[in-house]
Amino acid sequence: QVQLVESGGGLVQPGGSLRLSCVASGTIFRFNDMGWYRQAPGKAREVVAIITTGRSTNYADSVKGRFTIAGDFAKNTVYLQMNSLKPEDTAVYYCHSEGGDYWGQGTQVTVSS
């Protein structure tokens, strides 16, 4: 059974930073593209960033230049570094394995003064 466990969410002021972590069971990260998604209240879930097994990255236009996705194969962990956070970044953030369609439980990020 594949498990994805996110952590690192919290309350931060506008302009602040957070780093989310997603620890994957087994070696799923080694063989699958991984992504971070988010869902704000009343809105559909949307992709934030993707990292491929070849370490290529793609970002939603709304986070380009502010967020960075990275992976550590040795630790089976995917990170999302979020800088210059805005109130509109408030959402539950989910880790996702693009292969196998596995989801984590989500971690809440709230950007507010």
Do you know which two heavy atoms are closest between [X] and [Y], and how far apart they sit?
{"X": "Q105", "Y": "V5", "value": "OE1-CA, 3.8 Å"}
{"X": "M34", "Y": "E98", "value": "N-CG, 4.2 Å"}
{"X": "G104", "Y": "Y94", "value": "O-CD2, 3.6 Å"}
{"X": "V47", "Y": "A60", "value": "O-CB, 3.5 Å"}
{"X": "T53", "Y": "R30", "value": "CG2-O, 3.6 Å"}
{"X": "P14", "Y": "S113", "value": "CD-N, 3.7 Å"}

Please step through side-chain contact (heavy atoms from CB on, under 4.5 Å) for the pair C95 and W103, ending with a clear verdict.
CA-CA 6 Å; C95 181; W103 292 91; over 6 Å; no
Find the distance between OG1 (T57) and CG (D33) and round it off to the nearest 0.5 Å.
11.5 Å
Which side chain to side chain donor-acceptor pair (under 3.5 Å) pairs, counting each pair once, include a residue from residues 10-21, with sequence neighbours left out?
S17-N83
Connected via hydrophobic side-chain network under 4.5 Å: [X] and [Y]:
{"X": "V23", "Y": "V109", "value": "no"}
{"X": "V12", "Y": "L80", "value": "yes"}
{"X": "V2", "Y": "W36", "value": "yes"}
{"X": "Y59", "Y": "L85", "value": "yes"}

May I have the step-by-step check of side-chain contact (heavy atoms from CB on, under 4.5 Å) for I69 and V78, ending in yes or no?
CA-CA 7 Å; I69 188 170; V78 180; 3.9 Å; yes
Does R55 count as lying over the ring of F73, i.e. NZ or CZ under 6.0 Å from the six-ring centre, within 45 degrees of the axis?
yes
For residues Q108 and T90, determine if any side-chain heavy atom of one lies less than 4.5 Å from a side-chain heavy atom of the other.
yes
Any V111 side-chain heavy atom under 4.5 Å of M82 side chain
no
Residues forming a side-chain contact (heavy atoms from CB on, under 4.5 Å) with T107, sequence neighbours excluded:
E6, L20, Y93
Check this for me: does any side-chain nitrogen of one of D89 and K86 sit under 4.0 Å from a carboxylate oxygen of the other?
no
Evaluate side-chain contact (heavy atoms from CB on, under 4.5 Å) for V92 paired with Y37, printing each intermediate quantity in order.
CA-CA 8 Å; V92 178; Y37 291 69; over 6 Å; no
